[in-house]
Amino acid sequence: MVSILEAMLAEFGEEAVTTRRVLDRIPADKLAWKPHPKSMSLGQLAMHVAGVPGNLSRVVQAGEFDISQANPEPPMPASKDEILATWDRSVGVAEDC
């Protein structure tokens, strides 16, 4: 019988491949584009998505989260390669926990 954790990790692995493919399709020349002047840029939104798995793993392992210490605005990536590298590191952190 497959445990719940094994099933979740298998699904995460599938979703990780799909999400990386989406991040890879972001036009490198559009990272500064904003859908609205008050919005984050496409690059910042992509960095946010890229960091979610690792950040969520760290919060779960810590057992608590102090929102006052959070950085609400992701950094602006210098390139699409930086986004993909962040995604790969983040997935690695999530898979190691």
Side-chain angles (χ1 to χ4, degrees):
M1 182 187 318
V2 175
S3 73
I4 293 174
L5 178 59
E6 290 170 333
M8 290 177 70
L9 286 174
E11 184 174 348
F12 174 72
E14 292 172 14
E15 294 297 329
V17 170
T18 303
T19 303
R20 190 180 199 288
R21 191 169 50 241
V22 169
L23 291 172
D24 191 36
R25 291 183 179 167
I26 294 171
D29 63 335
K30 300 291 185 200
L31 295 180
W33 178 80
K34 292 182 175 187
H36 184 275
K38 292 183 179 182
S39 298
M40 286 188 273
S41 69
L42 179 59
Q44 288 173 299
L45 291 168
M47 285 296 280
H48 170 71
V49 169
V52 166
N55 291 336
L56 183 58
S57 294
R58 284 188 280 277
V59 168
V60 169
Q61 288 176 342
E64 62 183 13
F65 178 67
D66 184 357
I67 192 73
S68 69
Q69 301 300 312
N71 180 8
E73 197 162 317
M76 180 66 183
S79 67
K80 187 167 69 170
D81 288 340
E82 183 179 354
I83 295 168
L84 295 174
T86 299
W87 173 254
D88 293 339
R89 278 192 308 274
S90 184
V91 168
V93 167
E95 289 176 338
D96 288 343
C97 74

Pairs under 3.5 angstrom only: tabulate donor-acceptor contacts from the side chains of residues 77-86 to other protein residues two or more places apart or in another chain.
from, atom 1, to, atom 2, distance (Å)
S79, OG, D81, N, 3.4
S79, OG, E82, N, 3.2
K80, NZ, D24, O, 2.5
E82, OE1, A78, N, 2.6
T86, OG1, E82, O, 2.8
T86, OG1, R89, NH2, 3.4

Applying salt bridge (charged side-chain N to carboxylate O under 4.0 Å, His left out) to R20 and not counting sequence neighbours gives D88
Would you mind writing out the side-chain donor-acceptor pairs for residues 11-19 within the sub-3.5 Å range, not counting sequence neighbours?
from, atom 1, to, atom 2, distance (Å)
T18, OG1, E14, O, 3.3
T19, OG1, E15, O, 2.9

With sequence neighbours left out, the residues meeting side-chain contact (heavy atoms from CB on, under 4.5 Å) with I67 are F65, A70
Residue pairs passing the side-chain hydrogen bond (donor to acceptor under 3.5 Å, both in side chains) test with at least one member in residues 25-42, sequence neighbours excluded, are S41-Q44
M76 and L31 have their tightest heavy-atom pair at CE-O, 3.2 Å
dist E73:CD -> H48:NE2 (nearest 0.5 Å) comes out at 12.0 Å
**Message:** Is there a continuous path of hydrophobic side-chain contacts, each under 4.5 Å between heavy atoms, that joins V49 to L45?
**Reply:** no
Please list, one pair per line, the donor and acceptor atoms closer than 3.5 Å that link side chains of residues 90-97 to other protein atoms, with sequence neighbours excluded.
from, atom 1, to, atom 2, distance (Å)
S90, OG, A50, O, 3.0
S90, OG, G51, O, 3.3
S90, OG, G54, N, 2.6

For M47 and P75, the nearest pair of non-hydrogen atoms, with its separation, is CG-O, 3.6 Å
